[in-house]
Engineer: 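Have a look at this one before I ask anything.
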Amino acid sequence: MQELERLEGTVLYVTFQSRDTGFTVLELETDTEMVTVVGEMPGVAPGQQLAVQGVYSNHPSFGVQFKVHTYEISLPGDENAMLTYLSSGAVKGIGPVTARRIMKEFGLDAFEVMESDPVRLSQVKGISYRRALEIQQEFRRIYGIQDVIANLSVYGLTAAQAIAMYGVYGNVTMEIVTNNPFILCDEPCNLPFEQVDNIAMSRMSQEYDSHSRISGGIMYVLRHNSGNGHCCVPYDRLVETVSAFIGVEPEKVENMVNQCCDEGTLFSEEINGRDFIYPAQLYVAEMVSTRKLAQLLAVQPKNNMDVTAAIKTVQRMLDIDYAQNQIKALEKVADSSVCIITGGPGTGKTTLVKGIISMFEMQADVVSLCAPTGRAAKRLSELSGKEAKTIHRLLEVVPGTRNDIKFSRNQDNPIPCDVLIVDEFSMVDIVLFSQLITAVKDGCRVVLVGDYNQLPAVGPGNILKDLLESGMVPNVQLTDIFRQAQESDIVVNAHAINSGVYPKTSGKTGDYFFIESDENRIETLVSSLVETRLPRAYGFDSFEDIQILCPSRKRRGGTQNLNTIMQKVLNPHVNDRDEIVFNGITFRKGDKVMQIKNNYDLEFVRDNGETDMGVFNGDIGRIIKVDKYNKTLTIRFDDKTYVYEQEFFPQLEHAWAITVHKSQGSEFKAVILCLCDTPKELQYRNLLYTAFTRAKDLLVVTGSSQVLATMVANNKKQLRYSGVKHFLEEYNV
């Protein structure tokens, strides 16, 4: 690690500062020079004395900057400096005029009055008692954050981590961390257990078998398992794993698990004769969602139509001649309060959804469509001809909710529809499903549409699989491949892969090809396909139409390396092209980028002038403007334009190449699947199947035929512990 340097000086002016994250760009005057300082420094303002520790960096765009790791500030010591500080707007509610009045009234005692005596502060002209209380609260907030930063820096935490902790725990942050340092392993810091364990043992003199250490180890192991898709863990396995992980006797771990269950931070459930342990959030999610499902399933839906006649009318309206299995699905949906429709590519899911919409709208039902991601919702809208929303947008995220997301739509304020259709349901995890299903009003029909053979949700649970295997939810599986789809090698091979058959090129339509390549050729091969070969042969646009997919992020055949290569090939550095370098990543005008985290507070403007909030994990767009002076990126996602300030840059990645997991719910005209240098743990069938089903007009697989064969043969699906079937059976009694 680079050795930290220390600078001290006076803050002359602040170029930029985010009130939410504390990210700041300022000019610091030291005894010898003027330095541009960047980093998380909430509340820092002109006139303050500032001491920073960090490192110098030399950016091509901005020149020399000092990146802050930790900092300390001193309040201005004379009246001129105090006036400068208050006039800068550092304390919300105080501008230049009010600052002068405060300084004239209280002089050097101004800060003490602001912090401790709002009654006296309200005597200043223009400041009501209510406003005085708000100023006091803001003043304490600023210096409360700074105290937390200073205290946590002793343990090696960065200012950004300290600010995140303060955002969750406020003024009691240090009390909570001191009592239980292992809270740092959880949101929002997510520090490795080993790092926190070192702090607890060496800095806080905790015993190896302390309450907080054992409970911290238990929660860490459970979080790790939920990250791998598990909602719960067998009791015996949990005790054994934690005991070995933290070096504590199994009996002490058992006692702590039982104590946590008594306290309600963990829950125990016997499933098929075996005890399982849940984190509280996931236990509640499974309980709530299955209880609501059981309630919906127990009620026969109201049906005012002649279903047979309605289906005939729908076929005439849409000019569609439904297959027998599709008619069966329409009948099942009409007769069920909850119904699952599954099927692979080319089996008619989209035309069926159109029929479901028409069938219920004919009887004046309100039909709502949703999908887990923005791209999936957009695709559903295009295919169905009816507006579809993301699940988050349908549930109406409460503005300002970050780590702990809250929705306006819930049990007390349900979604205003009579039929709810959820597409790409395999992508929905148990927490999101519980929030969605509890917001369904009584009597509403729920239609869940998905592909059982695709990858499961990134989050915990495998709700589509669980519901199908429970046998308690009416479902129809579409298996017939329609004639037009049978002519596509992409569709035929996707189904072949599911049967364990190696994909082949028939030569009929020429929409699937395999090109053998090793890791030494993969970069040249992929770049030539995207830049010249596919555009010349098929007329594809390198940016809009072609998407590179990779099983992993790392290695030469991963997204990180291929994005670096593709930026050089498709959007190289030129002297007159604007670009910003942030944390070693160059963002350049014209770059293809992906949003990698839901952000509900980022405003956008549509092409028609409408404004709204929110950008979602998996959205792909293009940088259309780089503002070096204000350090912002303007990015266009479909018909929406956003302005990203620097604090949001970490939520962006280049997107010429994306992982197969990130591609779920999307469809691209042309896909290049890179199977070179693929990690063994990612060589499995449903990942390959998911990649194949992302391509619409052309699929080119590059890499190792041996890897391809291994993936086809490997039908081992990841085990995910869940109690959904168990709870459904309990509630259906």
Side-chain angles (χ1 to χ4, degrees), residues 18-21 164 167-168 187-188 190 226 281-282 284-285 288-289 292 366 368-381 386-417 420-425 427-441 444 446 448 457-461 463 594-606 610-621 635 637-645 647-652 662 664-666:
S18 166
R19 187 175 185 273
D20 290 330
T21 68
V168 175
E187 294 283 355
N190 295 310
S226 68
Q281 181 194 29
L282 298 182
V284 170
V288 164
S289 56
K292 178 69 176 190
V366 177
S368 290
L369 278 65
C370 65
T373 67
R375 293 184 67 83
K378 179 188 176 188
R379 183 176 173 223
L380 180 59
S381 295
K386 182 179 176 65
E387 182 191 16
K389 299 179 179 180
T390 64
I391 295 175
H392 288 84
R393 187 172 166 220
L394 181 72
L395 293 174
E396 300 176 12
V397 176
V398 176
T401 60
R402 293 177 177 268
N403 294 319
D404 184 20
I405 299 169
K406 293 181 176 61
F407 296 106
S408 296
R409 296 293 175 183
N410 50 45
Q411 183 177 350
D412 299 322
N413 182 32
I415 303 164
C417 69
L420 176 64
I421 301 174
V422 187
D423 197 20
E424 295 289 351
F425 187 60
M427 298 175 63
V428 178
D429 64 46
I430 187 62
V431 175
L432 184 57
F433 179 65
S434 69
Q435 293 162 324
L436 176 64
I437 199 69
T438 52
V440 171
K441 69 179 183 180
C444 177
V446 178
L448 308 173
V458 174
I463 189 70
M594 173 185 278
Q595 176 76 15
I596 60 171
K597 181 179 181 181
N598 289 340
N599 184 331
Y600 310 105
D601 299 322
L602 196 59
E603 187 175 31
F604 65 80
V605 180
R606 292 190 187 276
E610 294 178 357
T611 61
D612 205 338
M613 310 280 280
V615 60
F616 299 97
N617 187 359
D619 286 352
I620 294 177
I635 304 177
F637 295 96
D638 299 321
D639 67 334
K640 299 175 289 188
T641 301
Y642 300 78
V643 177
Y644 279 69
E645 295 180 339
E647 63 180 296
F648 296 126
F649 289 4
Q651 297 179 9
L652 293 170
K662 284 289 188 184
Q664 282 186 270
S666 301

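Residues: numbered from 1 along the sequence shown.
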Engineer: Check side-chain contact (heavy atoms from CB on, under 4.5 Å) between Thr438 and all other residues, then give those that pass, not counting sequence neighbours.
Structural biologist: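 Result, side-chain contact (heavy atoms from CB on, under 4.5 Å) vs Thr438: Val288.
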Engineer: Backbone N or O of Ser408 within a donor-acceptor pair of the Asn413 side chain at under 3.5 Å?
Structural biologist: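 Flag set: sc Asn413 to bb Ser408 pair under 3.5 Å.
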Engineer: Is Asn599 close to Phe648 at the side-chain level, that is, under 4.5 Å between some pair of heavy atoms?
Structural biologist: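 The answer is yes, as the side chains (C-beta and beyond) meet within the 4.5 Å cut-off.
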Engineer: Tell me, do Thr390 and Pro372 make a side-chain contact under 4.5 Å, heavy atoms counted?
Structural biologist: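 Heavy-atom side-chain distance check fails, nothing below 4.5 Å.
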Engineer: In the structure I gave you, are the side-chain heavy atoms of Val643 and Leu602 within less than 4.5 Å of one another anywhere?
Structural biologist: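 Not in contact.
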Engineer: Of all residues at least two apart in sequence or in a different chain, which pass the side chain to side chain donor-acceptor pair (under 3.5 Å) check with Lys640?
Structural biologist: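 Here no residue qualifies.
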Engineer: Below 4.5 Å, heavy atoms only, C-beta onward: do Ile415 and Lys441 meet side chain to side chain?
Structural biologist: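 Ile415 does not reach Lys441 side chain to side chain.
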Engineer: Might you confirm whether atom CD of Glu603 has over 12 heavy atoms from other residues, nucleotides or ligands at distances under 6.0 Å?
Structural biologist: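 Yes, because the 6.0 Å sphere around CD of Glu603 holds more than 12 heavy atoms from other groups.
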Engineer: Please give me the minimum heavy-atom distance between Pro416 and Val366, naming the atom from each residue.
Structural biologist: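 Taking every non-hydrogen atom into account, O-CG1, 3.7 Å.
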Engineer: Looking only at non-hydrogen atoms, find the nearest pair between Ala371 and Ala377 and report the distance.
Structural biologist: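 Here Ala371 and Ala377 meet closest at CB-N, 3.7 Å.
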Engineer: Not counting sequence neighbours, which residues clear side-chain contact (heavy atoms from CB on, under 4.5 Å) with Val605? List them please.
Structural biologist: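 Val605 satisfies side-chain contact (heavy atoms from CB on, under 4.5 Å) with Thr611 once adjacent residues are dropped.
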Engineer: Using the side-chain contact (heavy atoms from CB on, under 4.5 Å) criterion, which residues pair with Glu387? Sequence neighbours excluded.
Structural biologist: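 Glu387 satisfies side-chain contact (heavy atoms from CB on, under 4.5 Å) with Lys389, Arg393 once adjacent residues are dropped.
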Engineer: Residues in side-chain contact (heavy atoms from CB on, under 4.5 Å) with Lys386, at least two apart?
Structural biologist: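 side-chain contact (heavy atoms from CB on, under 4.5 Å) check on Lys386 returns Ile357, Glu361, Val367, Leu369, Ser384.
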Engineer: Of all residues at least two apart in sequence or in a different chain, which pass the salt bridge (Lys or Arg N to Asp or Glu O under 4.0 Å) check with Arg379?
Structural biologist: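 Applying salt bridge (Lys or Arg N to Asp or Glu O under 4.0 Å) to Arg379 gives Glu424, Glu667.
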Engineer: Is the closest side-chain heavy-atom distance between Leu432 and His392 below 4.5 Å?
Structural biologist: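 Side chain of Leu432 against side chain of His392, heavy atoms only: contact under 4.5 Å found.
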Engineer: Taking only residues two or more places apart in sequence or in another chain, which ones pass ring pair (Phe, Tyr, Trp, His ring centres under 6.0 Å) with Tyr644?
Structural biologist: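 Applying ring pair (Phe, Tyr, Trp, His ring centres under 6.0 Å) to Tyr644 gives none.
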Engineer: If every non-hydrogen atom of Ala285 is compared with every non-hydrogen atom of Ser434, which pair is closest and at what distance?
Structural biologist: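 For Ala285 and Ser434, the tightest heavy-atom pair comes out as O-CB, 3.4 Å.
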Engineer: Check whether any side-chain heavy atom of Ile620 sits under 4.5 Å from a side-chain heavy atom of Asp638, and report yes or no.
Structural biologist: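 SC-SC contact between Ile620 and Asp638 ruled out.
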Engineer: Quick check for you: to the nearest 0.5 Å, what is the distance between Gln651 atom CD and Gln595 atom CD?
Structural biologist: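 Those atoms lie 5.0 Å apart.
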Engineer: Got a second to check how far Ile421's CD1 is from Cys370's SG, nearest 0.5 Å?
Structural biologist: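 Taking CD1 in Ile421 and SG in Cys370, the distance rounds to 9.0 Å.
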Engineer: Distance-only, no hydrogens or angles: does the Asn598 side chain make a donor-acceptor pair with backbone N or O of Asn617 under 3.5 Å?
Structural biologist: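 Indeed, once roles are kept as given, a pair shorter than 3.5 Å links the two residues.
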Engineer: Taking the side chain as C-beta and beyond, is there a heavy-atom pair between Ile391 and Val422 under 4.5 Å?
Structural biologist: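 In short, these two side chains touch, coming nearer than 4.5 Å.
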Engineer: Under the side chain to side chain donor-acceptor pair (under 3.5 Å) test, which residues partner Ser666, sequence neighbours left out?
Structural biologist: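 Side chain to side chain donor-acceptor pair (under 3.5 Å) check on Ser666 returns Arg375.
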Engineer: Between Thr373 and Met427, is a side-chain contact (heavy atoms from CB on, under 4.5 Å) present by the stated rule, with each step listed?
Structural biologist: CA-CA 9 Å; Thr373 67; Met427 298 175 63; 3.4 Å; yes
Engineer: Angle between ring planes, Phe433 versus Phe425, binned at 30° and 60°: parallel, tilted or perpendicular?
Structural biologist: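 Perpendicular: the ring planes of Phe433 and Phe425 meet at over 60°.
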Engineer: When you measure from the side chain of Asp619 to the backbone of Phe616, do you find a donor-acceptor pair of N or O atoms at a distance under 3.5 Å?
Structural biologist: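 Pair found, side chain donor or acceptor close to backbone of Phe616.
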Engineer: Check step by step if side-chain contact (heavy atoms from CB on, under 4.5 Å) holds for Val446 and Ile437.
Structural biologist: CA-CA 9 Å; Val446 178; Ile437 199 69; 4.3 Å; yes
Engineer: For Tyr642 and Gly614, indicate whether the former's side chain and the latter's backbone hold a donor-acceptor pair under 3.5 Å.
Structural biologist: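 Confirmed, Tyr642 side chain pairs with Gly614 backbone.
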Engineer: Between Ser381 (side chain only) and Ala388 (backbone N and O only), is there a donor and an acceptor less than 3.5 Å apart?
Structural biologist: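 Checking the backbone N and O of Ala388 against the side chain of Ser381, a donor-acceptor pair under 3.5 Å is found.
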Engineer: Not counting sequence neighbours, which residues clear salt bridge (Lys or Arg N to Asp or Glu O under 4.0 Å) with Glu396? List them please.
Structural biologist: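 By the salt bridge (Lys or Arg N to Asp or Glu O under 4.0 Å) rule, Glu396 matches Arg409.
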Engineer: Taking side chain to side chain donor-acceptor pair (under 3.5 Å) as the test, write out the residues that go with Asp429, two or more places apart.
Structural biologist: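 Residues passing side chain to side chain donor-acceptor pair (under 3.5 Å) with Asp429: none at all.
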Engineer: Does any non-hydrogen side-chain atom of Asp423 lie less than 4.5 Å from one of Leu448?
Structural biologist: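 No, their side chains stay 4.5 Å or more apart.
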Engineer: Hey, mind stepping through Arg606 and Phe604 against side-chain contact (heavy atoms from CB on, under 4.5 Å) and telling me if it holds?
Structural biologist: CA-CA 7 Å; Arg606 292 190 187 276; Phe604 65 80; 3.7 Å; yes
Engineer: Between Met594 and Leu652, is a side-chain contact (heavy atoms from CB on, under 4.5 Å) present by the stated rule, with each step listed?
Structural biologist: CA-CA 6 Å; Met594 173 185 278; Leu652 293 170; over 6 Å; no
Engineer: So, for Ala439 and Leu395, which heavy atoms are closest and what is the spacing to 0.1 Å?
Structural biologist: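 Heavy atoms only, the tightest pair is CB-CD2, 3.6 Å.
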